[in-house]
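Worksheet: the structure to be examined is printed underneath.
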Amino acid sequence: AQSVTQLDSQVPVFEEAPVELRCNYSSSVSVYLFWYVQYPNQGLQLLLKYLSGSTLVKGINGFEAEFNKSQTSFHLRKPSVHISDTAEYFCAGRSNTGNQFYFGTGTSLTVIP
Amino acid sequence: EAQVTQNPRYLITVTGKKLTVTCSQNMNHEYMSWYRQDPGLGLRQIYYSMNVEVTDKGDVPEGYKVSRKEKRNFPLILESPSPNQTSLYFCASSLNSKDGGYTFGSGTRLTVV
């Protein structure tokens with residue numbers, strides 16, 4: 001079973017509209033959870049991370065994510081997107097039993113002018 | 001500037017010809033890892049290293065070798081490359097395995113013909 005599941009492979013959204021990118025994790029993943037962004041022809045960049053504490057995590061570029069233990073989810077949100085947010089977004093988590101990391105298959109966010 | 005440096009950026013090689021992709025970080029990070037990125041599959045962990053002389057397999061280690069003789073370097077070795085190893089490879093490092101705030105290299109696009 002996929003350890004980290006991103007439910008949407010592509011998300012188109014109009015500029016200045018809100019967006020939510022969904023991520024669910026399995027029992028094999030610990031509660032150390034992360035979101036990364038990948039712009040075209042670049043490496044990945046950390047957006048935000050949840051290690052413990054407040055379930056609402058704020059990251060760079062106006063993104064935030066909410067950790068929900070009961071729903072095993074870590075969805076990423078932004079209230080108003082810009083053209084520059086067009087990129088691939090990856091959810092990731094650390095293994096419960098070791099030191100491996102698991103990435104989701106990615107969500108391609110396209111912001112439409 | 002804190003960074004992870006991978007070389008080369010692009011490489012085309014023939015089946016069976018041994019190659020090494022280098023990775024170096026200047027942040028004194030303990031944890032380093034190699035990933036391959038394939039369309040529709042996201043990033044999959046090949047090998048990781050908790051510290052000098054400590055390495056372990058990720059999800060897709062077959063056909064790859066690594067070594068960690070110095071803290072800053074973590075080369076990826078393909079002893080006998082095959083076409084199914086054609087992929088985009090990323091090296092990443094983080095302070096430790098729990099922190100998970102990876103710094104990624106810019107990637108190496110490998111084509112094996």
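Only the side chain of Gln38(A) comes within contact range of chain B, with heavy atoms under 4.5 Å apart. Using a 4.5 Å cut-off between heavy atoms, Gln42(A) contacts chain B through its backbone alone, with no side-chain atom that close. Of the two parts of Gln6(B), neither the backbone nor the side chain holds a non-hydrogen atom closer than 4.5 Å to a non-hydrogen atom of chain A. Of the atoms belonging to Arg9(B), it is side-chain heavy atoms, and not backbone ones, that fall under 4.5 Å from chain A.
Inter-residue side-chain proximity for Asn99(A) and Tyr31(B) is flagged as met; some heavy-atom pair is nearer than 4.5 Å.
By the neighbour-count criterion of 12 heavy atoms within 6.0 Å, atom CG of Asn84(B) is densely surrounded, having more than that number from other residues, nucleotides or ligands. Residue Ile60(A) qualifies as enclosed at atom CD1: its count of foreign heavy atoms under 6.0 Å is above 12. For NZ of Lys71(B), the number of neighbouring non-hydrogen atoms (other residues, nucleotides, ligands) closer than 6.0 Å is greater than 12.
Under a hydrophobic-cluster definition in which Ile, Leu, Val, Met, Phe, Trp and Tyr are linked whenever side-chain heavy atoms come within less than 4.5 Å, directly or via other members, Tyr50(A) and Tyr89(A) are assigned to the same cluster. Cluster membership for Met32(B) and Leu95(B), using ILVMFWY side-chain heavy atoms within less than 4.5 angstrom, is not shared. In the hydrophobic cluster analysis, where Ile, Leu, Val, Met, Phe, Trp and Tyr join through side-chain heavy atoms closer than 4.5 angstrom, Trp35(A) is grouped together with Leu109(A). Linking Ile, Leu, Val, Met, Phe, Trp and Tyr whenever their side-chain heavy atoms come within less than 4.5 Å puts Tyr39(A) and Leu76(A) in one cluster. Residues Leu19(B) and Phe74(B) share a hydrophobic cluster, clusters being chains of Ile/Leu/Val/Met/Phe/Trp/Tyr side chains in contact below 4.5 Å.
Taking the six-membered ring for Trp, Phe34(A) and Tyr102(B) have ring centres at least 6.0 Å apart.
The structure places OH of Tyr102(A) at 5.5 Å from CG of Asp59(B), a figure rounded to the nearest 0.5 Å.
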Chi angles and distances behind the side chain to side chain contact (heavy atoms under 4.5 Å, CB included) call for Tyr35(B), Leu44(A): CA-CA 11 Å; Tyr35(B) 290 88; Leu44(A) 281 74; over 6 Å; no
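Among residues 103-113 of chain B, the residues having any heavy atom closer than 4.5 Å to a heavy atom of chain A are, in sequence order, Phe104(B), Gly105(B), Ser106(B).
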